[in-house]
*Asks:* 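Submitted below is the structure of interest, expressed as structure tokens.
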Amino acid sequence: MAWGKKKSGRKEPTFGLGAALSDLRLTADDRVPGGGDDRPKKTPKQAPKRESNNGGGDKPRKSRTSSKARSSGGFGKGIKRLFYWGAVLGLWAAIAIVGVVIYVGAHLPPIQSLEIPKRPPTIQIVGMDGTVLATRGEQAGANVSLKDLPPYLPKAFIAIEDRRFYSHYGIDPIGIARAAATNLMHRGVSQGGSTLTQQLAKNLFLTQERTMARKLQEVELAFWLERKHSKAEILELYLNRVYFGSGAYGVEAAAQKYFGKPAKNVTVAEAAMLAGLVKSPSRLAPNRNPEGAEARAKVVLAAMQDAEFITAAQAKGAAGVPQYNVKPVGAGTVNYVADWIGEVLDDLVGQVDESIIVETTIDPKLQSVAEAAIIDELAAKSVKFNVTQGALVAMTPDGSVRAMVGGRNYSESQFNRAVTAKRQPGSSFKPFVYLTAIEAGLTPETIRQDAPIDIKGWKPENYTHEYFGSVTLTQALSMSLNTVAVRLGLEVGPQNVVRTAHRMGIASKLEANASIALGTSEVSMTELVGAYAPFANGGLAVSPHVVNRIRTVEGKKTLYTRPAETASQVIDARAVAAMNTMMQQTILSGSAKKAELPGWYAAGKTGTSQDFRDAWFIGYTSQLVTGVWLGNDDNSPTKKATGGGLPVEIWSRFMKTAHQGLQPQPVPGLAPLNSFSTNPIGQALSSLLPGSSAPSPSAPPERGYVPSAPVYNGYRPQPPAPTQTNYPAARQQPQQNVRPEASSGLDGWLTERLFGR
């Protein structure tokens, strides 16, 4: 074949790999997706797809029918797999629930041994006439039967707390779901799903902590209660155990506390209020939040109407004119007495595990009089004198407390100023100084100098800054002259004064220094009044007490009876007579001459502490020893409130009422003022009264230097009238033209007065 010759159209056959691939044509459907530059570009018009044949070596394509079948099979397998794993998870969940139930149950007492616990013990405090004064303990009300209650009372609780109470078996799934949805919508706990049975289980057996374990225990116990008790029994238990605030457990206690009536007599409005308290008893207690309690009661009334427990007219009438006559419980001052009894109860009978009745020495009538005297006088004059608090203790000469007021308002302050508080007694401590001097041999006619005194830079002076020169001890005590008291204290020795006070009944620690004569060591009011009692009973030591007997409610067992005590003689009878004579002058002509007790023989002593911080008066008759204190809790000064002012007025008001209808009796050793001519003791002691043998003070009075830390008494002394001059001279300070006193001390003094020399 020559190079320039034209090629023919014949095509020669080929063999091998090239021949096998020569007819292969690839379309876009045959390519792997995702390609890059090798991916064929889409043309506007695609060539029709070639039919593949078995001889051409192409793989047969899957039909559309086979793909659907395979998809259907995969979905079925997924459903089966879902059911399988759901069953597995459900089984494990059931195992977990059973395990939790077993675990929770293991931490409960054995179900078969569970019993409804007894009600906590109640402590009932009664007065000397049997009148109930106060009740202490968690549950103050007695159990009431469901049949004894008005039907709308239990229905009020069902309406607001557990609408499906009679249809569920301990727990209410519908209520739980509703509460969960409500709480989810409010993004917090705004509604509870607990049934009455669950609440009862919690109140009876569990604590108030909010934990999942406690909730599960509550559910188990609710099932147990439903199995063991009927619905009526569960509802009755609930009404007698639920808490209503202010220490009231059970509907009876709540009705008595808030409405002053038994539960069987409450109205529809009052029943709604009680049912409303369960949600938040402390916050909604009507004696603390009457507006909140009333608003909640209206919600309960609406629920009762919705449940068709009451008619619309009943709901409207109860909501329109509320019957909430709430008693002001807890404000009475007798609660100070109840608190004091609670403090000593453990020492008398130990731990209380059953309900008891405490019989006290309190006279309810005198308690009311004492309360009114303190409250009324402070209401009228507290602003004038800047006095915010007061206290009063009255006891018989043997130490039986008849009345105690620890403050002007118990509901505002439970601090007992009559027992717990310790304050400076001021000049009301001086009788212990003078008693020490009398026991050392001085007499009421002994002369001492009322003049300025300097004790290592301390210069105590009298309240008026006046001095009266030579005065008798009777005049010095009745006029509450500070310089004489300090001189006497140093003369007999501060340590001896402290011993005398402790012997008389003062239990507090006393500092044996020069200022002890002016009452600078703090004491409690009860011990101070008790220390005055020997002056009223002839010199016998007493122990202030308020409990006579403690017994069980049924009276089957007596737990405590106050033992008969053999009182010891702490003051000689003649010293008692001398002291009573001197302190009688405090009322007749001295710092307490405003005291009024017509027809009775009384004695006492005023006291005012430094800067007028405390004002005292302790006075006594043959029937009662009564002390009054006024001041401020923060120890701030008053506006010159003195012992001879407001305390004396309160004392007189109380003592006048307390002595009505009683036959006047003289104080031991104190002769009646109207029988001196026929009574030899009276003749002897009459020389101590003004106008007899008392010396006249020196004139003119001198002004003194204000001391750095004195304790002033509380009145302006008046110079006594001129008297005879044949008085005995002071021991250790003889003066000219003064007859020396009897060398044998008080014995000789009385002998001389009675029989002469």
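Values reported hereafter were calculated over all heavy atoms of this structure, with side chains retained and with hydrogens, waters and symmetry mates removed.
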*Asks:* Are the aromatic rings of Y336 and Y410 close, with centres under 6.0 Å apart?
*Replies:*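 Judged by ring-centre distance (under 6.0 Å), Y336 and Y410 do meet the cut-off.
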*Asks:* Are any of the side-chain nitrogens in K365 or D129 under 4.0 Å away from the carboxylate oxygens of its partner?
*Replies:*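 A salt bridge is absent here (no side-chain N lies under 4.0 Å from a carboxylate O).
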*Asks:* Say whether, by atom type as modelled, one donor and one acceptor occur between the side chain of D363 and the main chain of G127 under 3.5 angstrom.
*Replies:*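 Not a single qualifying donor-acceptor pair exists.
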*Asks:* Give the C-alpha distance, both sets of side-chain angles, the deciding distance and a yes or no for side-chain hydrogen bond (donor to acceptor under 3.5 Å, both in side chains) between N632 and T388.
*Replies:* CA-CA 5 Å; N632 298 312; T388 58; 2.8 Å; yes
*Asks:* Distance from L662 atom CG to Q660 atom CD, nearest 0.5 Å?
*Replies:*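 CD of Q660 is found 9.0 Å from CG of L662.
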*Asks:* If every non-hydrogen atom of T396 is compared with every non-hydrogen atom of L624, which pair is closest and at what distance?
*Replies:*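 Smallest heavy-atom distance, with atoms named: N-CD2, 4.1 Å.
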*Asks:* Can you name the nearest heavy-atom pair linking A297 to A272, along with the distance?
*Replies:*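 So the minimum-distance heavy-atom pair works out to O-CB, 3.7 Å.
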*Asks:* Please test K422 against E527 for side-chain contact (heavy atoms from CB on, under 4.5 Å), starting from the C-alpha separation and ending with a verdict.
*Replies:* CA-CA 10 Å; K422 291 193 175 185; E527 63 182 332; 4.3 Å; yes
*Asks:* Grab the two heavy atoms, one from V369 and one from F654, that are nearest each other, plus how far apart they are.
*Replies:*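 Taking V369 first and F654 second, the nearest heavy atoms are CG1-CD1, 3.8 Å.
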*Asks:* Are more than 12 heavy atoms from other residues, nucleotides or ligands located less than 6.0 Å from atom NZ of K656?
*Replies:*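 Buried by this count: over 12 neighbours within 6.0 Å.
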*Asks:* Between E226 and K231, does any NZ, NE, NH1 or NH2 come within less than 4.0 Å of an OD or OE carboxylate oxygen?
*Replies:*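 Yes, K231 and E226 are salt-bridged.
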*Asks:* Could you walk me through whether Q367 and T333 satisfy the side-chain hydrogen bond (donor to acceptor under 3.5 Å, both in side chains) test, starting with their C-alpha distance in whole Å, then the side-chain angles of each, then the deciding distance to 0.1 Å, before giving a yes or no?
*Replies:* CA-CA 8 Å; Q367 180 68 32; T333 57; 3.2 Å; yes
*Asks:* Distance check, rounded to the nearest 0.5 Å: S167 atom OG versus D162 atom CG?
*Replies:*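 Answer rounded to 0.5 Å: 8.0 Å.
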*Asks:* Could you check whether the rings of H229 and W224 sit parallel, tilted or perpendicular, using 30° and 60° as the cut-offs?
*Replies:*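 Correct class here is perpendicular.
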*Asks:* Over all heavy atoms of both residues, which pair between S524 and V419 is shortest? Give the atoms and the distance, please.
*Replies:*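 Here S524 and V419 meet closest at CB-O, 3.6 Å.
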*Asks:* If you compare all heavy atoms of A293 against all heavy atoms of L284, which two are closest, and at what distance to 0.1 Å?
*Replies:*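 Reported closest heavy-atom pair: CB-O, 3.2 Å.
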*Asks:* Start with the C-alpha gap between R653 and D376, add the side-chain angles, then the distance that decides, and say whether side-chain contact (heavy atoms from CB on, under 4.5 Å) holds.
*Replies:* CA-CA 11 Å; R653 172 174 172 173; D376 293 348; 2.7 Å; yes
*Asks:* Is the backbone N or O of T195 less than 3.5 Å from a side-chain atom of Q198, with the two atoms forming a donor-acceptor pair by type?
*Replies:*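 Yes; at least one donor-acceptor contact below 3.5 Å.
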*Asks:* Go through the steps to decide whether F259 and N265 satisfy the test side-chain contact (heavy atoms from CB on, under 4.5 Å), and finish with yes or no.
*Replies:* CA-CA 10 Å; F259 310 123; N265 294 336; over 6 Å; no
*Asks:* Which atom names give the shortest non-hydrogen contact between M525 and A418, and what distance separates them?
*Replies:*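 Heavy atoms only, the tightest pair is CB-O, 3.6 Å.
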*Asks:* Measuring from L239:CG to L196:CG, what's the distance to the nearest 0.5 Å?
*Replies:*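 The CG atom of L196 is 8.0 Å from CG of L239, to the nearest 0.5 Å.
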*Asks:* Hey, could you give me the OG1/CE distance between T267 and M273, rounded to the nearest 0.5 Å?
*Replies:*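 Going from OG1 on T267 over to CE on M273, the span is 9.5 Å.
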*Asks:* Just how far is it from atom CE of M404 to atom OG1 of T360, taken to the nearest 0.5 Å?
*Replies:*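 Spacing of CE (M404) from OG1 (T360) equals 11.0 Å.
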*Asks:* Give, for atom NZ of K557 and atom CZ of R551, the distance between the pair rounded to the nearest 0.5 Å.
*Replies:*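 The distance works out to 13.5 Å.
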*Asks:* Going through the distances and angles, do R549 and T561 end up as a side-chain contact (heavy atoms from CB on, under 4.5 Å)?
*Replies:* CA-CA 4 Å; R549 189 164 75 110; T561 300; 3.9 Å; yes
